[in-house]
Amino acid sequence: MTEHQLAASGRPTDEQRYARQIRYAPIGSDGQARLGASRAAIVGLGALGSVAAQHLARAGVGFIRLIDRDVLEWSNLQRQVLYTEDDVARMLPKAEAAAARLQAVNSSIVLEPVIADVTGLNAEALLGDVDIIIDGSDNFSVRYLINDVSLKHGIPWIYGGVVGATGMSMNFHPGEGKLPCFRCLFPAPPATGAVDTCDTAGVLAPAVDVVASLQAAEALKLLSGNRAAMRGTLLQLDLWYHQWMPLQVGSSRRDDCPACGHQQYDYLEQRHAEPAAAALCGRATVQITPADGAQPVSLGELEKRLVRIGEVERNPFLLRFRRDEEIVVVLFADGRALIQGTEDPLVARRVYAELFGV
């Protein structure tokens, strides 16, 4: 079918659909064609991922793999822009709901929903055949996996994170000069409970939109052939207090970095696994065992963070936190947790990740 026939049938040509984008000189017709031939993967279809996915789909990126392990909940609707109350009522997986919404927006692109954890077992299969990876995971273990795949396969990726009204984003380009990788900047994950998460500190939806839009803009620069226009700083922002802080990190590459310095892909090779989950028979409880090398937990510091959002009890050996009427979390000083109120390891891992960011 010719473009004239497509237009006559009611379906727009690329020139019609992307007219305003094509008129933007740095993209033009050639850049739009590049976008249409590009492949992207988005890891996590929550707040950041849903905004970034919408921008990439509307811009005409030809193939987008949508990866998420979660099912929608009511609390998602405040900031996760792709979803509706009906999606929650139907208990749809985020990846499937996102793909359906975006396909209705742009039927000319290929969307591949994947309902899965990204682990050392599947990361290369899910991420190794794309032109760019966008981080919407809000999970340090997954970011280290993305970093390993990026370095091993030479695939750029864009980091993003938001808590409260503050956010961060950075572009990573493997093999380019002395630029650092993610593990250079963050050699190890923070100790369990040492930093706030969206569950403990909340999140302002506009801050999510800003960071995810920055991620999407950087992706569109790269995929349209405008690599030189990409930002070279680690950008920190606070939308509430009107602060924008670009940090120069060009000299932060570490020669002793296991990942980019020695090509040791520890997370990809599962030397550092995600927390392991095991259901405890007959107890409606799942035990979460932290990854090897996890740092000890400060129960006192963690109590200060969790008391803002639920009931907390603590003794010298453990902390007990009632998340809601159904879920109770018992956390030990070594990072091990019992998630009471569920027998589903995926639900338990999601609760653990939401509270502790790992």
Side-chain angles (χ1 to χ4, degrees), residues 44 46-47 68-71 73-76 79 117-120 136-145 161-164 166 186-203 266-267 270-358:
D68 196 284
R69 68 187 181 188
D70 282 349
V71 175
E73 299 177 348
W74 290 107
S75 64
N76 300 149
R79 66 200 179 281
D117 273 326
V118 177
T119 70
S137 65
D138 199 23
N139 183 305
F140 269 91
S141 296
V142 172
R143 287 168 181 152
Y144 287 118
L145 274 172
V162 178
V163 174
T166 65
F186 306 98
T192 302
V195 296
D196 271 323
T197 68
C198 290
D199 256 36
T200 61
V203 63
D266 295 340
Y267 290 83
Q270 295 190 299
R271 297 175 194 173
H272 295 272
E274 283 200 334
L280 303 185
C281 183
R283 291 180 52 187
T285 298
V286 176
Q287 177 174 276
I288 304 291
T289 303
D292 292 343
Q295 300 180 41
V297 177
S298 169
L299 297 178
E301 289 298 315
L302 189 56
E303 180 182 19
K304 294 176 184 176
R305 297 179 184 280
L306 295 181
V307 74
R308 296 176 290 183
I309 59 170
E311 289 180 36
V312 180
E313 301 172 79
R314 179 170 66 90
N315 65 29
F317 312 104
L318 59 86
L319 178 149
R320 185 175 185 271
F321 170 66
R322 178 172 291 279
R323 179 176 181 258
D324 53 38
E325 290 300 312
E326 296 180 356
I327 299 294
V328 173
V329 179
V330 178
L331 185 76
F332 300 85
D334 63 359
R336 183 171 57 89
L338 300 178
I339 313 299
Q340 301 173 338
T342 182
E343 296 178 345
D344 188 337
L346 286 178
V347 171
R349 286 184 60 187
R350 184 173 74 242
V351 170
Y352 191 87
E354 287 173 350
L355 289 175
F356 309 124
V358 294

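Everything numeric here is computed off the predicted structure, so don't read it as measured data. The residues of the chain are indexed from 1 along the displayed sequence. What you see below is based on every heavy atom in this structure, not just the backbone, and it leaves out hydrogens, waters and symmetry mates.
Looking at heavy atoms from C-beta onward, V330 lies out of side-chain contact with L319 at the 4.5 angstrom threshold. Side-chain contact check for V328 versus R323: every heavy-atom pair is 4.5 Å or farther apart. You'll find the side chain of I339 stays beyond 4.5 Å of the side chain of T285, heavy atoms only.
Residues forming a salt bridge (charged side-chain N to carboxylate O under 4.0 Å, His left out) with E313 (at least two apart in sequence, or on another chain): R320. For E73, the salt bridge (charged side-chain N to carboxylate O under 4.0 Å, His left out) partners two or more places apart in sequence, or in a different chain, are R350.
Interatomic distance, S298 OG to K304 NZ, rounded to the nearest 0.5 Å: 7.5 Å. Between the CD atom in Q340 and the CD1 atom in I327 there is a gap of 9.5 Å [rounded to 0.5 Å]. For the atom pair CZ of F321 and CZ of R314, the computed distance is 15.0 Å after rounding to the nearest 0.5 Å.
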Derivation of the side chain to side chain contact (heavy atoms under 4.5 Å, CB included) call for E354 and C198: CA-CA 7 Å; E354 287 173 350; C198 290; over 6 Å; no
Stepwise side chain to side chain contact (heavy atoms under 4.5 Å, CB included) test for V351 and V329: CA-CA 9 Å; V351 170; V329 179; 3.9 Å; yes
Check against side chain to side chain contact (heavy atoms under 4.5 Å, CB included), L355 and I309: CA-CA 10 Å; L355 289 175; I309 59 170; 4.3 Å; yes
From CA spacing to verdict: side chain to side chain contact (heavy atoms under 4.5 Å, CB included), V286, V347: CA-CA 9 Å; V286 176; V347 171; over 6 Å; no
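Contact detail for Y267 and L145: the closest heavy-atom pair is O-CD2, 3.3 Å. Across all non-hydrogen atoms, the minimal contact from N315 to L299 is O-CD1, 4.2 Å. Between A337 and L331, the shortest heavy-atom contact is CB-CD1, 3.7 Å. Considering every non-hydrogen atom in both R143 and G161, the closest pair reads NH2-CA, 3.9 Å. Nearest heavy-atom pair across V162 and V203 is CG1-CG2, 3.8 Å. Residues A353 and R69 share a closest heavy-atom pair of CB-NH2, 3.4 Å.
Y144 places a side-chain N or O within donor-acceptor distance of the main-chain N or O of A188, the cut-off being under 3.5 Å.
Ring geometry for F186 versus F140: interplanar angle over 60°, hence perpendicular rather than tilted (30 to 60°).
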